[in-house]
Amino acid sequence: MNDTIVAISTALGEGAISIIRVSGDDAIKIVNAIFKGKDLSKVDSHTINYGHIVYKGEIIDEVLVSVMKSPKTYTKEDVIEINTHGSVAVVNKIMEILLLSGCRLAEPGEFTKRAFLNGRIDLTEAEGVMDLINSETELTRKMAVNELSGKVSKLITDLREKIVALISNIEVNIDYPEYEDIEVVTIDRIKTEVREMKEELTKILKLSEDGKILKDGIKTVILGKPNVGKSSLLNALLEENKAIVTDVKGTTRDIVEGSIIVGGVKLNLIDTAGVRKSSDVVEKIGIEKSLSLIDEAELILLVLDSSEELTEEDKFLLDKTKDKKRIVIMNKDDLKSNNKYNEEVIRISAKTNQGIDLVKDKIKELFNANAFLNKNLTYFTNVRQITLLKEAITSLNDAYQGVLNNSEIDMIEIDLKLVWEKLGDIIGANYTEELIDNLFSRFCLGK
């Protein structure tokens, strides 16, 4: 990290302003050499300076240059941000000049990676940066802000301190039993503290898994027999003609996908092939896919035909989805109703958009994002964090069982140390170069 990196921090394309970010030991020196205005090496930190980028006697652009000196910067290095006019030609020319002047093109996420390696942020805060950039709803924005603010990290840090204190007392009791003035760590005390930590982590895990579903989007499968209006429902929810709609049964032979935001919650909608007995090889493959998606779905929109009595296919799907979170929708309500299904249904006509708002209202009720927003959002929202949290809980369970089984105290201590390490992995207290490279490679180029 001894070199100086550069990248475009705004989306490349025509616009009023583009920002080019430079970070490293020579950031000020390199930019100062092509800047006509104040001497950037002598200006105060965190100031904006008017001037021009000049190269070989030619004025390239009129710019504002922000100077931020180490260590109070995003990367804890000297950072320069050049605000240029948002022309592709201008931005590319200034980038070319900076690369010729000694900068290296930054890798994706390298600015945030340097912030982490230089100790300004930990791993969960770094992931919060990425989550904030990618947030699509108010809920995901608030989740990301909590990560970025360090609240999630503090939760882990506090737990690790409790574990360290417990381990330290255990070791003192083992190594210096002859001292009368040391605090005696009894099995009952270990049992109480481990149980309390286990309950706390289990609660965090449950909230984290719920939060991840809402963050990534609810996998919503539209299910039903052929020609009940599944594709029409998809199109009505998306407010576009995403799926082909015909009167011919078996038109949808593969899954069709789309996303919408309902009540602050993202739904990943999947329209499936109609479920029926079929001898058509291609259609059978589509039907098998439809049925396999039932287990994966977090919400099922089961569509029935209001104009027909329940068929064997309807009864099969009602039974198949009875233990899933679902909404039963009676479509074609604009036609004469012949369906005697008496359980809770929402009656709609996807063709005329009648009742579509009722479906959305029911989704809001099932996944109450507003209630979720009012909860404490201090938890984890990605697979890496949740996997490590589960591993920490497993080791904590082992320690608790060890206490209950009167295991040797040093064996219980080993399990507690594993918990401490796994929690450390979450915030990046322990990490491998491969993990860091992989994680930051998912960031955009200028962040």
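Everything quoted here is computed from the prediction, not taken from an experiment. In this chain, numbering begins with 1 at the start of the sequence shown.
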Chemist: For the CD1 atom of Ile356 and the CG atom of Leu233, what is their distance to the nearest 0.5 Å?
Modeler: 5.5 Å

Chemist: If you count the non-hydrogen atoms of other residues, nucleotides and ligands that lie under 6.0 Å from NZ in Lys191, is the total more than 12?
Modeler: no

Chemist: Closer than 4.0 angstrom, basic N to acidic O: yes or no for Glu298 and Lys219?
Modeler: no

Chemist: Could you check if a side-chain atom of Ile190 sits within less than 4.5 angstrom of a side-chain atom of Ile409, using non-hydrogen atoms only?
Modeler: yes

Chemist: Hey, could you give me the CD1/CG distance between Ile393 and Leu389, rounded to the nearest 0.5 Å?
Modeler: 4.5 Å

Chemist: Check step by step if side-chain contact (heavy atoms from CB on, under 4.5 Å) holds for Met197 and Leu396.
Modeler: CA-CA 8 Å; Met197 284 188 281; Leu396 207 51; 3.8 Å; yes

Chemist: Can you tell me how far apart OG (Ser306) and NZ (Lys332) are? Round to the nearest 0.5 Å.
Modeler: 10.0 Å

Chemist: Does the distance from a Lys or Arg side-chain N to an Asp or Glu carboxylate O, for Lys351 and Asp334, drop under 4.0 Å?
Modeler: no

Chemist: Could you tell me whether the side chain of Thr220 and the main chain of Ile218 form a donor-acceptor pair under 3.5 Å?
Modeler: yes

Chemist: In sequence, state the C-alpha distance, the side-chain angles, and the governing distance for Lys417 and Glu421, and then conclude on salt bridge (Lys or Arg N to Asp or Glu O under 4.0 Å).
Modeler: CA-CA 6 Å; Lys417 285 181 177 177; Glu421 288 174 5; over 6 Å; no

Chemist: Using 0.5 Å steps for rounding, measure from the CD1 atom of Ile261 to the CG atom of Leu267.
Modeler: 7.5 Å

Chemist: Inspect the contact between Asp158 and Lys154 and indicate whether a charged nitrogen and a carboxylate oxygen are less than 4.0 angstrom apart.
Modeler: yes

Chemist: Do Leu304 and Val228 make a side-chain contact, defined as non-hydrogen atoms from C-beta onward lying under 4.5 Å apart?
Modeler: no

Chemist: Indicate yes or no: at least one non-hydrogen side-chain atom of Ile346 is less than 4.5 angstrom from one of Ile348.
Modeler: yes

Chemist: Using only atom types and a distance under 3.5 Å, with no angle test, would you say the side chain of Arg347 pairs donor to acceptor with the backbone of Asn331?
Modeler: no

Chemist: Dump the intermediate steps for side-chain contact (heavy atoms from CB on, under 4.5 Å) on Val152 and Ile427, then the final yes or no.
Modeler: CA-CA 9 Å; Val152 176; Ile427 59 174; over 6 Å; no

Chemist: Any luck finding a side-chain donor-acceptor pair between Ser395 and Asp415 under 3.5 Å?
Modeler: no

Chemist: Please report the interatomic distance CE(Met330) to CG(Leu302), rounded to the nearest 0.5 Å.
Modeler: 9.5 Å

Chemist: Is Ser407 reaching over with its side chain to a backbone N or O of Met411, donor-acceptor style, under 3.5 angstrom?
Modeler: no

Chemist: Any donor-acceptor pair under 3.5 Å linking the side chain of His46 with the backbone of Ser66?
Modeler: no

Chemist: Do Lys362 and Glu365 meet the salt-bridge criterion of a basic N to acidic O distance under 4.0 Å?
Modeler: yes

Chemist: Closer than 4.0 angstrom, basic N to acidic O: yes or no for Arg114 and Glu110?
Modeler: yes

Chemist: Strictly below 4.0 Å, N to O, side chains only: are Glu308 and Lys225 in salt-bridge contact?
Modeler: yes

Chemist: Is there a donor-acceptor pair closer than 3.5 Å between any side-chain N or O of Arg141 and the backbone N or O of Leu132?
Modeler: no

Chemist: Whether Arg195 engages the ring of Tyr400 as a cation-pi pair (distance to the six-membered ring centre under 6.0 angstrom, angle to the ring normal within 45°) should be assessed.
Modeler: no

Chemist: Donor-acceptor check, side chain of Ser70 to backbone of Lys76, threshold 3.5 angstrom: yes or no?
Modeler: yes

Chemist: Ignoring hydrogens and geometry beyond distance, is a side-chain donor-acceptor pair present between Thr84 and Ser18 at under 3.5 Å?
Modeler: no

Chemist: Charged N to carboxylate O below 4.0 Å: is that the case for Asp271 and Lys230?
Modeler: no

Chemist: Tell me yes or no: between the side chains of Thr112 and Tyr74, is some donor less than 3.5 Å from an acceptor?
Modeler: yes

Chemist: Kindly say whether Arg120 contributes a backbone atom to a donor-acceptor pair with the side chain of Asn118 at under 3.5 angstrom?
Modeler: no

Chemist: Tell me, do Ile222 and Ile270 make a side-chain contact under 4.5 Å, heavy atoms counted?
Modeler: no

Chemist: Backbone N or O of Leu317 within a donor-acceptor pair of the Thr321 side chain at under 3.5 Å?
Modeler: yes

Chemist: Inspect the contact between Lys162 and Glu196 and indicate whether a charged nitrogen and a carboxylate oxygen are less than 4.0 angstrom apart.
Modeler: no

Chemist: Passes side-chain contact (heavy atoms from CB on, under 4.5 Å), Phe111 versus Thr73? Steps please.
Modeler: CA-CA 11 Å; Phe111 292 94; Thr73 69; over 6 Å; no

Chemist: Using 4.0 Å as the upper bound for N to carboxylate O, is an ion pair formed by Glu199 and Lys203?
Modeler: no

Chemist: Strictly distance-based, threshold 3.5 Å: is any side-chain N or O of Asn397 a donor or acceptor partner for the main-chain N or O of Thr394?
Modeler: no

Chemist: Between Asp122 and Thr124, is any side-chain donor less than 3.5 angstrom from a side-chain acceptor?
Modeler: yes

Chemist: Does any N or O in the side chain of Lys324 come within less than 3.5 Å of the main-chain N or O of Ile294, such that one atom is a donor and the other an acceptor?
Modeler: yes

Chemist: Given side-chain contact (heavy atoms from CB on, under 4.5 Å), test Met68 with Ile80 step by step and report yes or no.
Modeler: CA-CA 6 Å; Met68 292 162 278; Ile80 296 282; over 6 Å; no

